[in-house]
Amino acid sequence: MSSPTEGAVLPPPKLTKADFSSDQTVRWCPGCGDYSILAQVQKVMPSLGIPKENIVFISGIGCSSRFPYYMNTYGFHSIHGRAPTLASGLKISRPELSIWVVTGDGDGLSIGGNHLIHAMRRNLDIKILLFNNRIYGLTKGQYSPTSEFGKKTKSSPFGTAEQPINPLGVALASECTFVARSVDTDTQHLTATLDRVARHKGTAFVEIYQNCNIFNDGAFEAFTARDVRSDRMISLEHGKPLIFGKEHDKGIRLNGLHPEVVTLGKDGITEKDLLVHDENATEPTLAFLLSRLTYPDYPVPVGVFYNASRPCLEDVVEKQADQATAKLGAGSLERLLNSGATWTVS
Amino acid sequence: MSSPTEGAVLPPPKLTKADFSSDQTVRWCPGCGDYSILAQVQKVMPSLGIPKENIVFISGIGCSSRFPYYMNTYGFHSIHGRAPTLASGLKISRPELSIWVVTGDGDGLSIGGNHLIHAMRRNLDIKILLFNNRIYGLTKGQYSPTSEFGKKTKSSPFGTAEQPINPLGVALASECTFVARSVDTDTQHLTATLDRVARHKGTAFVEIYQNCNIFNDGAFEAFTARDVRSDRMISLEHGKPLIFGKEHDKGIRLNGLHPEVVTLGKDGITEKDLLVHDENATEPTLAFLLSRLTYPDYPVPVGVFYNASRPCLEDVVEKQADQATAKLGAGSLERLLNSGATWTVS
Amino acid sequence: METRKVVSTQTETLPSKPVVREIDEVVIRFVGDSGDGMQLTGTQFADTTALFGNDLATLPDFPAEIRAPAGTLAGVSGYQINFSSHEIRTPGDQPNVLVAMNPAALRSNVADLEEGGILILDSDAFTEGNLGKAGYKTNPLKDGSLAGYRLFDIPLTSLTLKAVADTGLGGRQATRCKNFFALGLVFWMYERPVDYTRDWIEKKFKNNQQIARANIQALQAGYNYADTTETFTEHYRVRKAQLEPGTYRSITGNEATATGFITAALLCGRPLFYGSYPITPASDILHELSRLKNYPVKTFQAEDEISAVGAAIGASYGGSLGLCGTSGPGLALKSEAVGLAVMTELPLVIANIQRGGPSTGLPTKTEQADLLQAMFGRNGECPVAVVAPATPADCFWMAIEAFRIATRYMTPVIYLSDGYLGNGSEPWRIPGPQALPKFEVAFRTQKEGFLPYQRDPKTLARPWAVPGTPGLEHRIGGLEKEDVTGNVSYDPLNHDKMVRLREEKIARIANDIPEVKILGRESGKVLVVGWGSTYGAITSAVESMQGRGLSVSSIHLRHLNPFPRNLGSILGRFKKVLVPELNLGQLRLLMRARYLVDAIGLNKVQGKPFKVSEIVEAVEKLLGEV
Amino acid sequence: METRKVVSTQTETLPSKPVVREIDEVVIRFVGDSGDGMQLTGTQFADTTALFGNDLATLPDFPAEIRAPAGTLAGVSGYQINFSSHEIRTPGDQPNVLVAMNPAALRSNVADLEEGGILILDSDAFTEGNLGKAGYKTNPLKDGSLAGYRLFDIPLTSLTLKAVADTGLGGRQATRCKNFFALGLVFWMYERPVDYTRDWIEKKFKNNQQIARANIQALQAGYNYADTTETFTEHYRVRKAQLEPGTYRSITGNEATATGFITAALLCGRPLFYGSYPITPASDILHELSRLKNYPVKTFQAEDEISAVGAAIGASYGGSLGLCGTSGPGLALKSEAVGLAVMTELPLVIANIQRGGPSTGLPTKTEQADLLQAMFGRNGECPVAVVAPATPADCFWMAIEAFRIATRYMTPVIYLSDGYLGNGSEPWRIPGPQALPKFEVAFRTQKEGFLPYQRDPKTLARPWAVPGTPGLEHRIGGLEKEDVTGNVSYDPLNHDKMVRLREEKIARIANDIPEVKILGRESGKVLVVGWGSTYGAITSAVESMQGRGLSVSSIHLRHLNPFPRNLGSILGRFKKVLVPELNLGQLRLLMRARYLVDAIGLNKVQGKPFKVSEIVEAVEKLLGEV
Ligand SMILES: Cc1ncc(C[n+]2csc(CCOP(=O)(O)OP(=O)(O)O)c2C)c(N)n1
Ligand SMILES: Cc1ncc(C[n+]2csc(CCOP(=O)(O)OP(=O)(O)O)c2C)c(N)n1
Ligand code: SF4
Ligand code: SF4
Ligand SMILES: [Mg+2]
Ligand SMILES: [Mg+2]
């Protein structure tokens with residue numbers, strides 16, 4: 001796995017978090033979960049050893065998509081849902097750049113769903129952060145594709161009639177090579193996850209539960225609240241059995257393909273009986289199964305669900321160009337213009 | 001499960017296949033797999049007992065999307081990728097109609113991917129037939145989102161650099177309540193599957209492997225050819241173990257989450273060891289697992305992968321309207337215009 | 001949306017002491033943080049004023065951010081209201097009164113306040129911190145920079161806290177009542193009763209008595225403060241306007257748009273289908289329609305604008321009134337699908353509530369720059385009808401007109417409102433049933449001789465044959481159609497014929513719409529031609545100049561495609577034609593091309609409506625040249 | 001794409017017996033089933049004719065279906081070529097020779113054949129079944145309906161089968177060689193050598209010797225058949241044209257477009273990025289560019305047109321020449337994103353190969369109806385530059401020009417070709433390096449004083465500052481920009497200023513493009529104004545009328561926005577202005593609005609180019625009125 005710095009010429013100067021905050025005043029609502037995510041991203045950046053000028057943040061439209069303005073890197077606040085398309089063109093033409101897409105549940109899964117899917121299956125080496133607040137923030141509170149069935153919002157005064165979509169499931173079905181989830185309020189877990197995201201070679205997708213305290217306050221509190229978190233969430237770790245709970249006494253066991261919550265020690269259940277996480281499984285089936293676990297029936301999993309390695313589109317494209325050039329020699333104006341059958345009039 | 005005819009006033013007259021072929025001459029290439037699909041659809045229609053005038057076929061653009069012209073029902077040949085959107089508006093406003101979307105791997109998964117996904121999660125009671133020939137036919141042979149990695153086509157003379165997308169996986173991740181697969185050449189299986197599709201209440205999605213004998217001839221032949229079919233494909237049947245092979249001697253067994261091909265009788269393996277298909281599983285995990293099986297490592301599954309039941313968007317909408325009307329009384333012009341605070345000037 | 005009637009009862013609360021001054025028009029602007037509830041304050045004052053019987057016009061002004069950090073310039077939200085004892089048509093060029101809740105709000109608005117105007121400030125908000133955020137080096141309350149105004153710096157926050165103390169409501173929640181304190185104060189200044197707002201608060205917070213009580217007490221306290229303290233030496237009386245007799249309500253353009261579309265459905269007996277993807281400033285139409293589930297309307301929040309228009313086309317195909325609503329960027333995305341509706345000749349209305357562009361532009365500001373996109377933003381020769389309301393209340397009428405044209409001519413119609421109309425409000429005289437246009441739609445049901453593209457000889461409309469009709473099974477789509485049969489046809493002459501037929505069909509709508517009326521003399525030196533939301537400013541300007549005997553007339557276009565049939569002849573009767581637009585001259589381009597008239601543009605692209613004075617100025621300049 | 005040079009050697013194969021007639025211009029049309037290989041036959045005849053040294057122009061005509069059922073009218077595919085010993089500019093109004101492979105092909109084309117023209121038919125194909133499919137009640141070979149033509153009904157199929165018998169090739173495969181038999185026959189009639197086609201076949205089927213041999217034998221057999229049998233009593237000699245000395249190749253518009261774009265990349269040293277979603281008739285550009293991997297070009301087949309333009313914008317942002325190609329419906333989908341490129345002021349070229357509209361329309365036919373969409377199909381005031389090539393070879397030059405403008409002015413440029421240009425071909429004199437325009441691009445690298453929206457005082461272009469440049473980290477996007485700094489700004493006056501700056505930037509391009517040249521006298525009675533693919537027909541018509549001494553001149557616009565600066569003054573010098581367009585008058589509308597000139601339209605919307613005669617007729621009519 002080659003690090004994203006390849007192509008950077010000089011050894012990058014040591015950077016600090018401050019180097020990554022721009023001169024623009026942040027304009028999210030006080031208390032918005034976006035602040036914490038911004039802070040963690042700014043914190044992770046210096047550790048990557050990527051020169052600032054080689055980093056590009058590209059977003060669509062939404063509160064979350066204001067993100068690039070606050071990063072002191074190159075940034076592009078594009079149009080609604082289209083960030084992955086700009087990222088694709090930029091990555092293919094400039095493979096050495098470290099490209100980050102910031103999107104929301106509406107921007108990325110509603111209007112932009114198709115671009116997201118195709119960027120993922122192409123496995124471009126880009127990082128996609130999806131801020132999921134289960135609401136349209138910027139447009140002041142309509143339901144989004146991740147809003148719960150029956151949710152009452154400005155545009156669904158009688159409750160929605162739509163099944164929400166599961167961002168992780170979509171990513172897995174789209175052959176995404178790195179799929180993770182974290183939470184705005186769990187800053188440690190978030191930093192760790194972002195670090196993994198940054199170091200993955202290929203499309204890395206992370207869903208970040210983000211609180212919109214104006215239009216959907218407390219959307220995730222039921223399981224993210226400090227006091228209940230450890231009993232209602234489970235942190236996935238590669239090669240480790242699925243254990244959770246304040247007392248580390250609960251676990252998840254597979255009964256055929258059906259996951260069950262069990263208590264360690266109770267009727268002789270030991271760690272050995274538990275499902276062991278394998279983020280490198282050849283098929284994303286386990287990751288898919290885990291992505292279906294929801295509170296209250298199950299603890300909500302966070303961490304890296306799936307992590308595979310596959311050639312990146314931009315690298316294949318480069319290789320084809322190299323091979324063609326090796327085979328045919330570099331094209332020249334002369335050759336280009338005179339190609340095909342020609343004849344001379346004197 | 002209520003039949004799609006609800007809302008039809010009179011008992012429908014007995015119809016025949018001929019009643020469903022329009023006066024338009026079919027304009028697909030001789031030998032195109034679309035002919036067979038058309039024939040099977042026309043065959044299934046009469047058995048559904050739906051009056052012709054209540055059936056609507058809506059398509060996008062592509063060879064496959066010419067389909068509605070050949071059905072003697074209502075038909076709408078819309079624009080590229082947008083058929084599901086027209087179907088959604090029509091279904092919500094006219095729930096009693098039987099609505100069929102016909103699309104291709106480019107129409108439905110490339111430009112139209114997002115609409116497909118959202119139609120599915122809304123679980124509108126529409127039937128979606130995706131003709132997958134792994135190529136863009138109408139535009140004369142560019143690769144599609146389902147074309148194999150490395151495939152050489154007009155637009156990929158050096159081979160594609162993209163991982164194909166799995167239509168069934170996308171459908172499952174999109175919370176589709178009915179997901180199936182069939183093959184143009186296996187007319188019996190196709191008719192049976194179409195019949196299931198027609199009778200499902202909710203969004204029913206079927207991928208149909210279809211041969212484009214001009215631009216991608218023999219795309220599926222390796223496993224669909226008469227002589228090898230039974231050894232290289234497996235027909236899923238609810239409640240039945242996964243057995244295949246000319247001699248019915250091969251099967252699929254689960255090792256944890258990993259499927260293995262085994263031979264019955266060999267080292268004491270019996271039917272009991274085999275994975276049993278359950279199309280009604282509460283979670284689509286099994287269906288997802290099966291959707292990942294591909295030739296040559298595994299037999300290619302066909303049949304109904306997943307079959308769940310969930311309220312349809314259009315029904316919830318109707319219910320909300322009824323409740324609101326019951327609660328507030330039917331709105332009138334009088335009330336509408338005079339709503340809000342009013343005052344009188346005399 | 002429906003509440004019981006409120007009858008205005010200002011008399012009881014009339015105070016005695018201070019001098020009462022008669023005035024006939026006032027412009028007040030409330031400004032504060034997005035969090036301060038200025039929109040609410042403004043709406044309450046507007047509704048009360050409407051109930052009181054004045055004529056009025058309002059102009060809300062939102063920031064693009066939901067809640068930019070408190071106290072910053074980016075976070076300032078405003079609401080301006082112009083009310084009067086005579087008829088008025090604009091929210092006013094210049095505030096006479098400015099109520100500013102913090103330094104940022106003051107800084108970004110004080111320049112607009114008239115000289116000697118009334119300036120009400122919350123002195124508690126002028127802290128070091130807030131002054132800094134607003135970019136003040138010195139405190140304007142101390143540095144004399146406000147000397148030119150009649151300044152009332154009142155500790156609104158602390159007074160509010162006192163007023164609500166006994167409710168036990170604490171800190172931030174208590175402070176947030178201060179907008180009602182300010183409102184009460186202004187109510188007193190202009191002799192408005194608190195009743196309507198009190199009732200509104202009770203209803204709104206019926207599930208939280210504590211909040212309800214606090215807000216009411218703040219409101220009353222503000223009123224009493226003004227009434228009892230000596231702060232205000234005079235207050236003002238603006239008599240009721242002489243409005244046409246009838247029942248009135250105050251309505252915003254977006255409300256009127258929604259109401260008009262449902263009215264169309266009720267009038268013609270076909271259900272309304274609204275497909276939309278949220279976008280500022282159109283979202284309120286979706287919110288409004290999704291609430292009215294006991295009416296024949298179904299709303300569909302689509303995954304994007306293409307899906308929204310596609311669904312509306314599907315619904316139209318099924319016999320509903322297919323409608324989708326959006327703003328500029330969304331209209332751009334719908335381009336291709338609108339072409340499909342043109343080719344399939346289905347009735348469809350696309351409501352475009354214009355905002356500042358290009359691209360994402362200025363989402364919360366108003367503009368008129370989508371006219372040419374509406375006319376030409378599709379591939380091929382792809383004509384549609386275009387209509388535009390002139391005032392918030394006119395949105396009701398043009399929404400009905402849009403569907404009348406769409407169904408009668410089996411064509412898409414683009415309805416061009418804008419942010420200023422959509423969010424602005426005015427009193428609306430509720431029409432009686434008989435005042436509403438007759439308008440019927442008929443489906444084709446007869447099997448014999450049915451041909452999908454056989455046209456009505458008069459309107460050139462094709463039959464509306466909907467699924468479910470036995471015997472009419474047929475296929476339509478985006479490929480060129482054969483004349484009469486509607487089968488796919490690649491025949492060269494057929495294509496030429498169909499392209500011209502579609503063009504002609506739209507042109508014939510001109511026979512079916514009223515001629516445009518001239519405000520003022522039939523001919524003269526200057527003709528002002530407007531469309532859409534500029535109506536108020538243009539009309540006020542022209543009437544005032546006519547009052548001064550100047551040779552200026554005006555016409556206002558509510559039908560942009562086709563133009564009213566008498567437009568060309570009118571243009572010829574004036575020496576100069578001025579076209580004020582909130583764009584760089586889009587109507588002007590269309591008129592020049594069509595009539596070869598040397599129309600002159602007055603173009604303002606500032607995300608704000610015209611001031612009356614700006615139009616007066618331009619006309620006077622032209623008059624000077626004639 | 002690259003093959004060795006072919007030197008023409010017709011002499012050896014000159015036959016003796018029959019009479020040789022000298023003619024100086026011939027129009028041949030090959031028609032048959034989509035499966036019959038008519039496009040191939042036509043191309044081979046065209047290439048051979050080009051090598052032979054004639055001037056020529058071609059017009060392929062595809063059905064919308066891939067392979068409609070054999071023998072049906074829907075399945076007919078055609079290829080017309082006009083070649084001559086003098087300079088020509090169009091594929092010809094009327095075929096002199098029609099080669100029809102079956103009844104359907106005959107039926108749908110025979111009406112176009114000149115009276116007494118040569119008609120070559122495959123008599124084997126006139127079976128009951130085929131006659132039925134073509135809708136013939138009686139057999140035209142028997143009913144005398146073809147009496148007006150010089151009919152050669154030859155059993156092409158059976159002769160072909162005989163010719164290939166010894167290759168062992170059977171049934172359908174053998175029959176499919178009959179197009180080469182026909183080609184050989186026509187080669188003989190017009191004294192063309194079979195060599196080039198023989199070589200081509202060998203190369204093409206090098207992996208299938210059997211097929212190769214069969215085709216070559218059929219070709220030769222056809223040639224010999226004509227040579228030896230008495231069927232043809234005369235054959236024809238069309239001498240070489242006096243073309244400018246130089247090296248030539250035959251090129252289609254789409255090939256020239258692709259070549260021009262790569263040339264632009266090579267000239268300015270920036271790589272080309274091509275994002276595209278396949279669509280007729282633009283797909284060939286994608287096919288062409290994706291083959292040239294040893295050139296500085298990367299192609300990206302996107303999931304839709306929005307992604308294609310988004311990716312191109314991303315690439316431009318990164319410093320590549322961002323390009324996307326599509327046709328009308330795709331341009332409609334790109335509308336919103338093009339607005340983003342306007343706001344972010346990035347260089348971007350959108351190539352739109354126009355086809356018949358509206359909606360899906362006539363995908364395989366040509367039209368010019370996207371000009372107004374290109375001008376106005378975006379939300380807000382959103383100006384872009386628009387250029388249009390005039391001939392297949394001119395596509396090369398205008399492709400370069402598009403990127404010269406895009407990079408020099410940091411703006412999107414829409415490049416309007418069409419199906420007729422894209423698929424049509426002509427001999428192209430290959431330019432020497434010195435003939436190519438100089439054209440440089442520079443990135444901003446200097447850190448000091450860098451401001452993203454500080455403009456070049458002359459061009460008003462902002463700096464191109466690409467990621468990877470240390471110290472220039474900055475943010476751009478679709479919200480309105482503050483002048484100079486490029487920060488987000490909602491300031492009213494700033495918005496007004498920026499809108500006008502963007503407009504002015506495009507307007508200034510006029511200082512940087514050539515004045516338009518007049519063909520003929522500087523003033524007179526009638527001026528014909530054209531743009532795009534109508535050049536050939538207009539020029540031929542005007543020159544012929546000038547030859548007859550008529551007072552008519554013409555100008556052809558290759559820059560549509562802005563217009564060349566001398567356009568207005570030219571228009572004033574003629575009594576009448578005629579604007580022929582393959583639409584309902586889109587350029588006409590722009591000229592009328594801009595110059596208030598009463599331009600008259602000649603509008604044809606049949607999916608086909610103008611005939612020279614149609615333009616002559618229209619001009620003569622106008623001359624009559626002056
Ligand atoms: C083409 C287009 N359609 C609609 C909008 C309006 N719009 C802006 S952001 C947004 C949704 C934002 O939701 P999300 O992506 O979840 O971001 P959040 O604000 O919740 O962070 C919408 C509908 C737009 N800007 N452009
Ligand atoms: C907006 C738009 N973009 C592109 C096209 C061109 N186009 C027509 S069909 C098609 C793809 C067809 O592939 P598929 O959906 O697999 O259908 P098939 O022909 O293979 O049955 C494309 C790219 C179009 N008609 N409209
Ligand atoms: S509206 Fe919600 S998501 Fe947007 S900034 Fe405010 S709190 Fe954050
Ligand atoms: S091109 Fe392929 S898919 Fe299209 S009609 Fe022909 S065979 Fe069928
Ligand atoms: Mg959100
Ligand atoms: Mg396909």
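Naming convention: chains lettered A, B, ... in sequence-line order (proteins, then strands); numbering from 1 in each chain.
- Residue contact with chain B, scored on non-hydrogen atoms closer than 4.5 Å, involves the backbone and the side chain of Ala337(C) alike.
- With a 4.5 angstrom heavy-atom cutoff, Pro271(C) does not touch chain B via any of its atoms.
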Test side-chain contact (heavy atoms from CB on, under 4.5 Å) on Arg199(B) and Leu48(B); report intermediate values, then the result. CA-CA 8 Å; Arg199(B) 297 178 191 285; Leu48(B) 305 177; 3.8 Å; yes
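- Neither the backbone nor the side chain of Pro296(C) comes within less than 4.5 Å of any heavy atom of chain B.
- The most heavy-atom pairs under 4.5 Å with chain B, out of Ala50(C), Ala308(C), Pro245(C), Pro427(C), come from Ala50(C).
- Here Ser307(C) is the residue among Gly477(C), Ser307(C), Ser250(C) with the most heavy-atom pairs under 4.5 Å with chain B.
- For Ser98(B) (side chain) and Ile55(B) (main-chain N/O), no donor-acceptor pair under 3.5 Å exists by modelled atom type.
- If you check the side chains of Glu175(B) and Asn123(B), you find no donor sitting under 3.5 Å from an acceptor.
- In terms of non-hydrogen atom pairs under 4.5 Å with chain B, the most contact-rich of Asp304(C), Leu340(C), Leu266(C) is Leu340(C).
- Neither the backbone nor the side chain of Glu334(B) comes within less than 4.5 Å of any heavy atom of chain C.
- Neither the backbone nor the side chain of Ser316(C) comes within contact range of chain B; no heavy atoms are under 4.5 Å apart.
- Residue Val309(C): no heavy atom, backbone or side chain, is found under 4.5 Å from chain B.
- Looking at Arg121(B), neither its backbone nor its side chain comes within 4.5 Å of chain C, counting heavy atoms on both sides.
- Among Ile99(B), Asp322(B), Val317(B), Thr73(B), the residue making the largest number of heavy-atom pairs under 4.5 Å with chain C is Thr73(B).
- Side-chain atoms of Asn294(C) never come within 3.5 Å of backbone atoms of Ala324(B) as a donor-acceptor pair (strictly under, hydrogens ignored).
- Heavy-atom distances place the backbone of Ser332(B), and not its side chain, under 4.5 Å from chain C.
- If you check the side chains of Asp19(B) and Thr16(B), you find a donor sitting under 3.5 Å from an acceptor.
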Evaluation steps, side chain to side chain donor-acceptor pair (under 3.5 Å), between Glu336(C) and Asn379(C): CA-CA 7 Å; Glu336(C) 188 204 9; Asn379(C) 58 297; over 6 Å; no
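- In this structure, Tyr70(B) has its ring center closer than 6.0 angstrom to the ring center of Trp28(B).
- Between Glu318(B) and Lys298(C) there is a salt bridge, since a side-chain N of the basic residue sits under 4.0 Å from a carboxylate O of the acidic one.
- Of the atoms belonging to Ile430(C), it is side-chain heavy atoms, and not backbone ones, that fall under 4.5 Å from chain B.
- Per-residue counts of heavy-atom pairs under 4.5 Å with chain B were compared for Leu479(C), Ile262(C), Leu436(C), Val488(C); the largest is that of Leu479(C).
- Interface residue Leu472(C): backbone and side-chain heavy atoms are both found under 4.5 Å from chain B.
- Looking at Gln323(B), there are no atoms closer than 4.5 Å to chain C (heavy atoms on both sides), in backbone or side chain.
- Highest contact tally toward chain C, considering only Ala330(B), Ala326(B), Ala87(B), Gly75(B), is held by Gly75(B) [criterion: heavy-atom pairs under 4.5 Å].
- The backbone N or O of Gln44(C) sits nowhere less than 3.5 Å from a side-chain atom of Asp47(C) that would complete a donor-acceptor pair.
- Looking only at heavy-atom pairs under 4.5 Å with chain B, the residue among Gly246(C), Ala465(C), Gly318(C), Ala312(C) that has the most is Gly246(C).
- Contact of His115(B) with chain C is made through backbone and side chain together, with heavy-atom distances under 4.5 Å.
- Between Phe52(C) and Tyr196(C), a ring centre-to-centre spacing not shorter than 6.0 Å is recorded.
- Across every non-hydrogen atom of Thr103(B) and Ser65(B), the tightest pair is CA-OG, 4.3 Å.
- Only the backbone of Ser346(B) comes within less than 4.5 Å of a heavy atom in chain C; its side chain stays farther off.
- Using a distance-only test at 3.5 Å, with no hydrogens or angles considered, a donor-acceptor pair links the side chain of Lys127(B) to the main chain of His200(B).
- Interface residue Phe300(C): only side-chain heavy atoms are found under 4.5 Å from chain B.
- Checked by atom type and distance alone, the side chain of Thr203(B) never pairs as donor or acceptor with a backbone atom of Cys176(B) at under 3.5 Å.
- The candidate with the highest count of non-hydrogen atom pairs below 4.5 Å against chain C, out of Gly81(B), Ser78(B), Ser88(B), is Ser78(B).
- The candidate with the highest count of non-hydrogen atom pairs below 4.5 Å against chain B, out of Thr344(C), Val466(C), Ile313(C), Val297(C), is Val466(C).
- Among Lys327(B), Arg66(B), Lys91(B), the residue making the largest number of heavy-atom pairs under 4.5 Å with chain C is Arg66(B).
- With ring centers used as reference points, Phe131(B) lies under 6.0 Å from Phe67(B).
- Leu346(C) touches chain B through its side chain: at least one heavy atom from C-beta onward sits under 4.5 Å away, while N, CA, C and O do not.
- Only the side chain of Ser320(C) comes within less than 4.5 Å of a heavy atom in chain B; its backbone stays farther off.
- Using a 4.5 Å cut-off between heavy atoms, Trp428(C) touches chain B through its side chain atoms alone.
- Interface residue Glu244(C): only backbone heavy atoms are found under 4.5 Å from chain B.
- Annotation: Phe76(B) is in aromatic contact with Tyr317(C) [ring centroid separation under 6.0 Å].
- Seen from the ring of Tyr69(B), Arg475(C) does not count as a face-on cation partner, given the 6.0 Å and 45° thresholds.
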